[in-house]
There are 2 protein chains.
Amino acid sequence: MTDGLDRVDRQILKILQREGRIPNVELAERVGLSPTATGERLRRLQKDGVITGFGARLDPHLLGLSLLVFVEVSLDKTTPDAFARFAAAVRRAPEVLECHMVGGGFDYLVKARVADMPAYRRFLGEGLLSLPGVNNTRTYAVMEEVKSDGVLPL
Amino acid sequence: MTDGLDRVDRQILKILQREGRIPNVELAERVGLSPTATGERLRRLQKDGVITGFGARLDPHLLGLSLLVFVEVSLDKTTPDAFARFAAAVRRAPEVLECHMVGGGFDYLVKARVADMPAYRRFLGEGLLSLPGVNNTRTYAVMEEVKSDGVLPL
DNA sequence: CGGTGTTGCCGCCGATCCTGCGGCAATCCG
DNA sequence: CGGATTGCCGCAGGATCGGCGGCAACACCG
């Protein structure tokens, strides 16, 4: 059952990554199958967890979230539960779009969106630096988003 | 017309960010409007560019893309067109999910997904380092994805 | 104050879409 | 070679979509 994805499955995923709200009948004729068979595949892909969900892509700027920042966070390793508490806090923070634990010069890489620089200062001071165990942060403000769709290669 | 989003609009966006394939009638009863009015709002949100599209969320691990990496790239500023050529190459590379030009210690932050370490070595050598003007790179491999949905706060 | 235009919503209805069912061909296996 | 399984198709009843006309609230203005 592992990775039992044929050519049609991958084609379905490829289409749905970019046009997630396409009706099943149109998806069917694009992959060259009947709507019934296509719907069955879609249902199976969701059940197997290959498709974890569907979502709308929004324009951050039109929503007043013009500033995208990446923050490298170093934790104080002597503080007990520092990692668990930091992770929990980050999951609760709405400004944080992503947070990854990395190996290398620091511990976490945080991607966050805020309205502007004052808002970022507030988020950094009240949201990140106030967490216990946070040792050091380094902020990189994004000047231009060269590529940002995040579509997986198939 | 700028930012003319009322409470219902934001509620629609909030729901569609997580459940992009919800039928219009269900969306309507959740926001407490008729299906007609709700569909009209949805159409308007797309026309105004607030909603830029819909997409399926896929599980990278089930697709054999288990390794997530971030790469900090520094360019040789003396090479003419270095920035434009780098940006163009990155847009063509399927492994690259995101690429942001940042201000700070380096020039571009690249987020990429590959199958495993050997695949990453190949991508780094043939995809990134072979580009003219690339001066230096620093790679951070993700050990744990603490938060990765990327849902905007509303 | 009343006329008028605008906006946002509703109900209705024909067209479209979804989904469960039965049938069929290909494949696999004992 | 017989039988089970798998994946697909066509069909049909029911759900959903989207365009249309109507209506109420509101703002503007003479």
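Throughout, a chain's letter reflects where its sequence line sits, starting with A, and its residues are numbered from 1.
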**Student:** Hey, are B:Asp9 and B:Arg44 close enough for a salt bridge, meaning a charged N less than 4.0 Å from a carboxylate O?
**Tutor:** yes
**Student:** For B:Leu5 and C:dG8, give me the distance from atom CG to atom P, rounded to whole Å.
**Tutor:** 12 Å
**Student:** Using residues 136-144 of chain A as the side-chain source, report each donor-acceptor pair under 3.5 Å to any protein atom, sequence neighbours left out, with the distance given to one decimal.
**Tutor:**
from: A:Thr139; atom 1: OG1; to: A:Tyr120; atom 2: OH; distance (Å): 2.3

**Student:** Donor-acceptor pairs under 3.5 Å, side chain of residues 121-128 of chain A to any protein atom, not counting sequence neighbours: which ones?
**Tutor:**
none

**Student:** For the helix from C:dC1-D:dG30 to C:dG30-D:dC1, how many degrees between its two end axes (five pairs per end), to the nearest 10°?
**Tutor:** 20°
**Student:** Could you give all pairs that pass the ring-ring contact (aromatic ring centres under 6.0 Å, His included) test and reach residues 21-40 of chain A, with sequence neighbours left out?
**Tutor:** none
**Student:** List the residues meeting side chain to side chain donor-acceptor pair (under 3.5 Å) with A:Glu98, not counting sequence neighbours, and say none if there are none.
**Tutor:** A:His100, A:Lys111, B:Lys111
**Student:** With the side chain counted from C-beta on, respond yes when A:Asp149 and A:Arg18 share a heavy-atom pair under 4.5 Å apart, and no when they do not.
**Tutor:** yes
**Student:** Expected output is a numbered-order residue list: members of residues 25-37 of chain A with a heavy atom under 4.0 Å from any atom of DNA chain D. What is it?
**Tutor:** A:Leu33, A:Ser34, A:Thr36, A:Ala37
**Student:** Would you please name every residue forming a salt bridge (charged side-chain N to carboxylate O under 4.0 Å, His left out) with A:Glu40, sequence neighbours left out?
**Tutor:** A:Arg43
**Student:** Just list the side-chain donor-acceptor pairs under 3.5 Å for residues 77-92 of chain B, sequence neighbours left out, or say none.
**Tutor:**
from: B:Lys77; atom 1: NZ; to: B:Asp107; atom 2: OD1; distance (Å): 3.0
from: B:Lys77; atom 1: NZ; to: B:Asp107; atom 2: OD2; distance (Å): 2.9
from: B:Thr78; atom 1: OG1; to: B:Asp76; atom 2: OD1; distance (Å): 3.0
from: B:Thr78; atom 1: OG1; to: B:Asp76; atom 2: OD2; distance (Å): 3.2
from: B:Thr79; atom 1: OG1; to: B:Asp76; atom 2: OD2; distance (Å): 3.3
from: B:Arg91; atom 1: NH1; to: A:Val146; atom 2: O; distance (Å): 3.0

**Student:** B:Glu145: which residues meet the salt bridge (charged side-chain N to carboxylate O under 4.0 Å, His left out) condition with it, sequence neighbours left out?
**Tutor:** B:Arg113
**Student:** Along DNA chain D, 5' to 3', what are the outermost nucleotides having an atom less than 4.0 Å from a heavy atom of chain B?
**Tutor:** D:dT16 to D:dC20
**Student:** Might you confirm whether atom NZ of A:Lys14 has over 12 heavy atoms from other residues, nucleotides or ligands at distances under 6.0 Å?
**Tutor:** no
**Student:** My understanding is that only one of A:Leu109, A:Asn135, A:Val134 makes a side-chain contact (heavy atoms from CB on, under 4.5 Å) with A:Val73; could you say which?
**Tutor:** A:Val134
**Student:** What is the nucleic acid contact for A:Arg41, judged by heavy atoms within less than 4.0 Å: base, sugar-phosphate only, or nothing?
**Tutor:** sugar-phosphate
**Student:** Checking all strands, does A:Arg44 fall into the base, sugar-phosphate, or nothing category for heavy-atom contacts under 4.0 angstrom?
**Tutor:** nothing
**Student:** Any residue in residues 16-24 of chain B with a heavy atom nearer than 4.0 angstrom to DNA chain D? Just list them by number, or reply none.
**Tutor:** B:Pro23, B:Asn24
**Student:** Applying side chain to side chain contact (heavy atoms under 4.5 Å, CB included), name anything that partners B:Val8, two or more places apart in sequence or on another chain.
**Tutor:** B:Asp6, B:Ile12, B:Val31, B:Leu33, B:Arg41
**Student:** Side-chain heavy atoms under 4.5 angstrom apart, residues restricted to Ile, Leu, Val, Met, Phe, Trp, Tyr: same cluster for B:Met117 and A:Met101?
**Tutor:** no
